[in-house]
Amino acid sequence: MVRQKIQIKKIDNTTARQVTFSKRRRGLFKKAHELATLCDAEIALIVFSATGKLFEYSNSSMRQVIERHSLHNENKQAADQPSLELQLESSTYAMLSKELSERTNEVRRLKGEHLQGLSLEELKQLEKSLEVGLLRVVETKGEKAEREINALRQKVTSEV
């Protein structure tokens, strides 16, 4: 029996079309399996019949292959975007701008400005940090005053 070359067009007879679909689907899945085995390729194959029935083949996890495909598409789109260096500069700029804004608000709060939006707990924390800071200022001031007094005493003692 010799194979005949068939013309590629839609088969009119629905029974013959269904038989051909089933045989060719099996052949397609077999070829996909062979390709995956011989070439160590990750393959996911999805086929919907004319009736809407789903047939699928994957030599690994279908979900992993689809996620990898999505990631690949995202990477292709990212390649069309500005350079990585420019993106890093933009993200660094945005991060520094945000930090500057936060620090500016923090300084304003320490000065007693822009306190309306703070909760009671935040106000208590601010009060506590101000008290700790005030104690440090008083301690440092006392230490400096004591050093100056000692320096003046030594000066007076050395002159006499």
Side-chain angles (χ1 to χ4, degrees), residues 8-10 17 20-155:
I8 302 298
K9 65 174 186 163
K10 183 178 176 181
R17 187 182 328 137
T20 302
F21 173 80
S22 296
K23 287 181 180 179
R24 289 200 173 231
R25 185 192 72 233
R26 280 193 304 259
L28 182 62
F29 286 1
K30 183 178 176 184
K31 289 291 183 185
H33 174 73
E34 290 172 4
L35 181 63
T37 303
L38 293 172
C39 302
D40 195 28
E42 260 188 285
I43 296 180
L45 185 60
I46 301 172
V47 178
F48 287 96
S49 70
T51 60
K53 190 171 178 184
L54 168 71
F55 298 93
E56 62 180 61
Y57 167 82
S58 177
N59 65 323
S60 62
S61 167
M62 178 68 76
R63 177 169 282 143
Q64 285 177 340
V65 175
I66 291 172
E67 286 173 0
R68 187 171 175 188
H69 175 267
S70 299
L71 181 63
H72 180 73
N73 281 346
E74 289 172 14
N75 289 342
K76 277 176 53 178
Q77 289 174 355
D80 296 338
Q81 294 176 353
S83 71
L84 180 61
E85 189 175 301
L86 186 60
Q87 288 178 355
L88 287 173
E89 285 180 12
S90 295
S91 65
T92 303
Y93 175 78
M95 182 182 66
L96 290 174
S97 294
K98 182 180 177 188
E99 188 174 339
L100 177 64
S101 174
E102 290 171 358
R103 297 290 181 222
T104 302
N105 284 336
E106 189 177 324
V107 168
R108 285 182 178 148
R109 288 183 189 128
L110 290 172
K111 289 180 174 181
E113 302 170 4
H114 300 287
L115 301 176
Q116 297 83 9
L118 297 177
S119 68
L120 184 60
E121 187 61 37
E122 290 170 324
L123 287 169
K124 286 179 182 178
Q125 289 175 350
L126 179 60
E127 181 183 27
K128 186 176 181 177
S129 66
L130 285 170
E131 288 172 351
V132 169
L134 184 59
L135 283 175
R136 287 185 190 147
V137 169
V138 170
E139 286 175 7
T140 305
K141 179 182 154 190
E143 290 170 1
K144 283 197 176 203
E146 193 174 317
R147 275 189 247 131
E148 286 185 23
I149 291 171
N150 287 338
L152 287 173
R153 282 187 185 153
Q154 285 180 349
K155 189 176 183 182

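We count residues from 1, following the sequence as given. In this text the structure is predicted, and so the values were computed from the model without any measurement.
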Can you check whether [X] reaches [Y] side chain to side chain, under 4.5 Å on heavy atoms?
X	Y	result
Leu115	Arg109	yes
Lys53	Val47	no
Lys23	Arg26	yes
Gln154	Asn150	no

Separation of [Y] [atom2] from [X] [atom1] (nearest 0.5 Å):
X	Y	atom1	atom2	result
Glu113	Leu110	CD	CG	10.5 Å
Leu71	Ile66	CG	CD1	14.0 Å
Phe55	Phe29	CZ	CZ	7.5 Å
Glu67	Gln64	CD	CD	7.5 Å
Glu99	Thr104	CD	OG1	10.5 Å
Ser58	Arg63	OG	CZ	11.5 Å

For the side chain to side chain contact (heavy atoms under 4.5 Å, CB included) test, which of Asp40, Asn59, Ile43 pairs with Leu35?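 The single option meeting the side chain to side chain contact (heavy atoms under 4.5 Å, CB included) with Leu35 is Ile43.
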For Glu106, all residues meeting salt bridge (Lys or Arg N to Asp or Glu O under 4.0 Å), sequence neighbours excluded: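 Here the qualifying residues are Arg103.
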Among all residues two or more places apart in sequence or in another chain, which pass the salt bridge (Lys or Arg N to Asp or Glu O under 4.0 Å) test with Glu34? Lys31
With no hydrogens and no angle check, is any side-chain donor or acceptor of Glu122 less than 3.5 Å from a backbone partner on Ser119? yes
Considering residues at least two apart in sequence or located in another chain, which fulfil the side-chain contact (heavy atoms from CB on, under 4.5 Å) criterion with Tyr93? Ser97
Sequence neighbours excluded, which residues qualify as side chain to side chain donor-acceptor pair (under 3.5 Å) partners of Arg68?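 If we apply the side chain to side chain donor-acceptor pair (under 3.5 Å) test to Arg68, skipping adjacent residues, the hits are Glu42.
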Side chain to side chain donor-acceptor pair (under 3.5 Å) partners of His33, counting only residues at least two apart: Tyr57
I would like to know whether Leu100 and Leu96 meet side chain to side chain contact (heavy atoms under 4.5 Å, CB included); could you show each step before the answer? CA-CA 6 Å; Leu100 177 64; Leu96 290 174; over 6 Å; no
Less than 3.5 Å apart, which donor and acceptor atoms pair up between the side chains of residues 128-142 and the rest of the protein, not counting sequence neighbours?
residue : atom : partner : partner atom : Å
Ser129  : OG   : Gln125  : O            : 3.4
Ser129  : OG   : Leu126  : O            : 2.9
Thr140  : OG1  : Arg136  : O            : 2.8

